[in-house]
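Below: the structure, in structure tokens.
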Amino acid sequence: MSWKRTLLVFALAALAALAIACGDDDEDVGNDSDNFATDTGAATQADATQPAAGATDPPAANDCPAPSGDAPEPDMTKQYDAPEDQGIDPGKEYLANFKTVRGEFTIKLRPDLAPQHVNSFVFLAREGFYNGTTFHRVLEGFMAQGGDPTGSGSGGPGYNIPAEFTTEVGYTRGTLGMARAQSPDSAGSQFFITFGDTPSLNGQYTIFGEVTEGMEVVDCITRRDPQALPDFEGDAIISVDITEN
């Protein structure tokens with residue numbers, strides 16, 4: 001092979017490697033295809049081409065209500081050393097009512113499974129931390145991820161929560177889980193809600209709630225598409241209200 005042809009082969013290989021490295025983040029697949037963008041951005045991302053087992057078909061666009069209501073601007077200055085102790089009682093019922101521009105849904109929190117995660121979520125919700133944040137990452141048939149005031153997938157509350165994995169329940173449709181980076185103890189404020197059964201996440205991400213009302217609203221959550229919807233910033237959370245029974 002001539003030196004010119006050899007140089008051409010190396011140049012083409014370099015260009016191919018560069019194209020792969022610069023691909024769309026949502027299509028990246030790491031060693032563990034069930035990891036996804038988290039507070040630090042250190043974890044690999046979910047395989048957007050593999051829908052979750054048991055997932056339902058997404059609703060048609062005309063079946064979903066148009067975004068309405070005014071969400072506040074997220075406060076990106078809120079940072080904490082640790083969550084305040086909310087006195088979470090595993091024997092009580094805690095409900096989180098999400099009011100979003102797409103509608104409302106309710107999540108029953110599970111302090112019996114993950115008291116530290118529920119305590120942190122309740123603390124942040126009562127602080128207004130989630131108000132105005134968007135669902136910055138939505139993968140069809142898999143999950144909707146939110147809880148980052150920066151909307152970039154790299155923001156958090158300033159502290160981390162140790163993992164509280166469980167074998168008592170698994171990831172089914174409407175499960176609320178906590179996103180994290182590669183370390184099991186790297187969870188912060190970012191959470192996700194599954195669209196379908198996803199048993200491959202069991203024992204890998206902390207479960208701390210499940211949707212009890214308004215799953216049809218969750219099904220309609222849409223992320224920002226700057227090409228198709230240049231003026232649409234993504235479905236935002238107006239408020240998260242906590243009730244204790």
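Along the sequence shown, residues carry numbers from 1.
Evaluation of the side-chain hydrogen bond (donor to acceptor under 3.5 Å, both in side chains) rule for D112 yields R110 as partners, not counting sequence neighbours.
More than 12 heavy atoms of other residues, nucleotides or ligands shown are found within 6.0 angstrom of NZ on K78.
In the hydrophobic clustering of ILVMFWY residues, with side-chain heavy atoms under 4.5 Å counting as a link, L95 and F121 come out apart. V118 is connected to I242 through a chain of hydrophobic side-chain contacts under 4.5 Å among Ile, Leu, Val, Met, Phe, Trp and Tyr, so both are in one cluster.
Q145 places no side-chain N or O within donor-acceptor distance of the main-chain N or O of A179, the cut-off being under 3.5 Å. Here the side chain of S183 pairs no donor or acceptor atom with the backbone of A181 at under 3.5 angstrom. The closest donor-acceptor contact from the side chain of R102 to the backbone of P65 lies under 3.5 Å. With hydrogens and angles disregarded, no donor-acceptor distance shorter than 3.5 Å links the side chain of E84 to the backbone of N119. Put simply, the side chain of S120 never gets that close to the backbone of P83: no donor and acceptor are under 3.5 Å apart.
Among F192, F142, Y205, F195, the one residue that satisfies the ring pair (Phe, Tyr, Trp, His ring centres under 6.0 Å) test with Y171 is F192.
For S186 against N160, the heavy-atom pair with the smallest separation is O-ND2, 3.1 Å.
Going from atom OG1 of T212 over to atom CD of E210 covers 7.5 Å, rounded to the nearest 0.5 Å.
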### Query
Is there a side chain to side chain contact (heavy atoms under 4.5 Å, CB included) between I161 and T206 once you walk through the steps?
CA-CA 10 Å; I161 315 166; T206 298; over 6 Å; no
### Query
Going through the checks in order, is the side chain to side chain donor-acceptor pair (under 3.5 Å) test met by N131 and S239?
CA-CA 5 Å; N131 298 354; S239 63; 5.3 Å; no
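Q190 and R137 share no donor-acceptor pair across their side chains, judged by distance under 3.5 Å alone.
Ring pair F191/Y130: centre-to-centre distance below 6.0 Å. Within the 6.0 Å centre-distance limit, the rings of Y80 and F123 are counted as a close aromatic pair.
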